[in-house]
Protein chains: 2
Amino acid sequence: MNIKEVSDRSGLPAKTIRYYEDIGLVRPLRAENGYRAFREQDVHKLAFLGRARALGFSIDDCRTLLALYQDNRRESAHVKAVAEDHLRQIDEKIAQLDAMRNTLAHLVRACHGDDRPDCPILEDLADPPARGS
Amino acid sequence: MNIKEVSDRSGLPAKTIRYYEDIGLVRPLRAENGYRAFREQDVHKLAFLGRARALGFSIDDCRTLLALYQDNRRESAHVKAVAEDHLRQIDEKIAQLDAMRNTLAHLVRACHGDDRPDCPILEDLADPPARGS
DNA sequence: TATAGGGCTTCCAGTAACTGGAAGCTCAAC
DNA sequence: GTTGAGCTTCCAGTTACTGGAAGCCCTATA
């Protein structure tokens with residue numbers, strides 16, 4: 001199977017698939033003409049990677065998850081730990097973004113947004129009112 | 001004023017301040033010994049940048065905001081547009097993360113997390129149930 | 001006065017995960 | 001035989017820094 005078909009079936013760009021080979025996530029065979037020759041298992045692996053990436057797992061996590069997937073003596077606790085850790089990171093990120101969002105939304109609401117220069121957004125950036133106290 | 005003091009007062013690492021000079025966000029003077037010589041306005045600018053970055057604005061947005069800040073013939077509409085655009089991007093990002101979070105939390109709850117290999121997380125990554133329909 | 005230290009300088013490389021593009025080989029079709 | 005699509009490799013660029021090396025500068029102390 002050539003790379004284009006694998007790309008279509010796994011949903012990953014050909015560039016990404018080559019990159020994943022580069023960093024050792026997949027090891028397709030090679031045909032005599034030098035073309036990559038993918039097997040079903042390669043497509044399966046790539047689809048797995050695509051889904052893990054879509055859940056936000058890092059490439060490094062993906063490597064771990066893939067290894068666990070292929071190890072049938074794995075302990076599900078190990079998988080769960082990786083996922084929980086990632087979940088915590090997502091929660092942190094969301095909290096961070098929520099905080100930004102709140103401040104920003106507040107500022108945007110306060111700004112007239114007309115042809116005059118007065119702007120609470122810039123004023124806050126230049127010299128924010130002390131928080132708390 | 002030397003870089004260390006500016007770093008302390010603006011809250012930005014010295015490395016970052018040098019980087020900001022590199023990309024033209026600040027232009028401190030130079031002392032005869034080659035050391036950067038920062039003025040009050042430089043510190044002010046850097047603090048502005050630090051706050052804009054903390055709100056998640058890109059360096060490019062920061063450049064724009066700084067220019068608007070320094071242009072007293074600006075229209076607040078321009079500033080507001082930049083901020084609203086950024087707000088939209090934050091909202092998108094949050095939505096994305098929320099979706100990930102939901103799927104992931106669901107999978108984590110379903111996983112026993114013991115010493116056995118059976119794992120709904122891996123099963124889902126390997127072969128997810130069709131969505132919708 | 002010699003030296004030790006800490007602060008400052010520049011420059012290079014690395015990070016994460018790709019993505020774009022150039023140069024060039026291969027293959028199928030007309 | 002030639003065209004065009006598909007494949008190959010390799011290099012550079014993206015974002016916003018960050019770490020580290022090599023080396024100058026300044027101050028204080030012995």
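Naming convention: chains lettered A, B, ... in sequence-line order (proteins, then strands); numbering from 1 in each chain.
Counting any heavy atom pair closer than 4.0 Å across all strands shown, A:I3 reaches sugar-phosphate atoms only and no base atom. The residue B:R36 sits close only to the backbone: its heavy atoms come under 4.0 Å of sugar-phosphate atoms, none of a base.
Rounded to an integer number of Å, the gap from A:E32 CD to D:dC7 C1' is 16 Å. Protein atom OH of A:Y35 is 9 Å distant from nucleotide atom C1' of D:dA5, rounded to whole Å. At whole-Å resolution of the value, CZ in A:R18 and P in D:dC7 are 7 Å apart. Across the protein-nucleic acid pair, B:D8 atom CG and C:dG7 atom P stand 10 Å apart, rounded to whole Å. Regarding B:I23, its CD1 atom lies at a distance of 8 Å from the P atom of D:dC17, rounded to whole Å. Distance, A:E5 CD to D:dA5 C1': 16 Å, rounded to whole Å. As a whole-Å value, the separation of A:E21 CD from D:dC10 P is 12 Å. When rounded to the nearest whole Å, the span between CG of B:L25 and C1' of D:dC17 equals 13 Å.
Scanning all heavy atoms of the two residues, the minimum distance from A:F38 to A:I3 falls at CE1-CA, 3.7 Å. Taking both residues in full, the closest heavy atoms of A:V82 and A:L65 are given as CG1-CD2, 4.1 Å, listed atom of the first, atom of the second, then distance. Considering all non-hydrogen atoms of both residues, B:L87 and A:A105 come closest at CD2-CA, 3.9 Å.
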Nucleotide N/O to protein N/O under 3.5 Å, stretch nucleotides 13-20 of chain C:
{"from": "C:dA17", "atom 1": "OP1", "to": "A:I59", "atom 2": "N", "distance (Å)": "3.2"}
{"from": "C:dA17", "atom 1": "O3'", "to": "A:R53", "atom 2": "NH2", "distance (Å)": "3.4"}
{"from": "C:dC18", "atom 1": "OP2", "to": "A:Y20", "atom 2": "OH", "distance (Å)": "2.6"}
{"from": "C:dC18", "atom 1": "OP2", "to": "A:R53", "atom 2": "NE", "distance (Å)": "2.8"}
{"from": "C:dT19", "atom 1": "OP2", "to": "A:T16", "atom 2": "OG1", "distance (Å)": "3.0"}
{"from": "C:dG20", "atom 1": "N7", "to": "A:K15", "atom 2": "NZ", "distance (Å)": "3.1"}
{"from": "C:dG20", "atom 1": "O6", "to": "A:K15", "atom 2": "NZ", "distance (Å)": "3.0"}

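Side-chain polar atoms of A:D114 and B:S76 form a donor-acceptor pair below 3.5 angstrom.
Using a 4.5 Å cut-off on side-chain heavy atoms (C-beta onward), B:L125 and A:Y69 make no contact. Looking at A:L122 and B:R74, their side chains come closer than 4.5 Å, going by heavy atoms from C-beta outward.
Side-chain N/O atoms of A:N33 include one lying less than 4.0 angstrom from OP1 or OP2 on C:dC27.
Counting non-hydrogen atoms of other residues, nucleotides and ligands closer than 6.0 Å to NE2 of B:H78 gives a total of 12 or fewer.
Looking at the side chain of A:R30, the nearest of the listed nucleotides C:dT26, D:dT9, D:dC25 is D:dT9.
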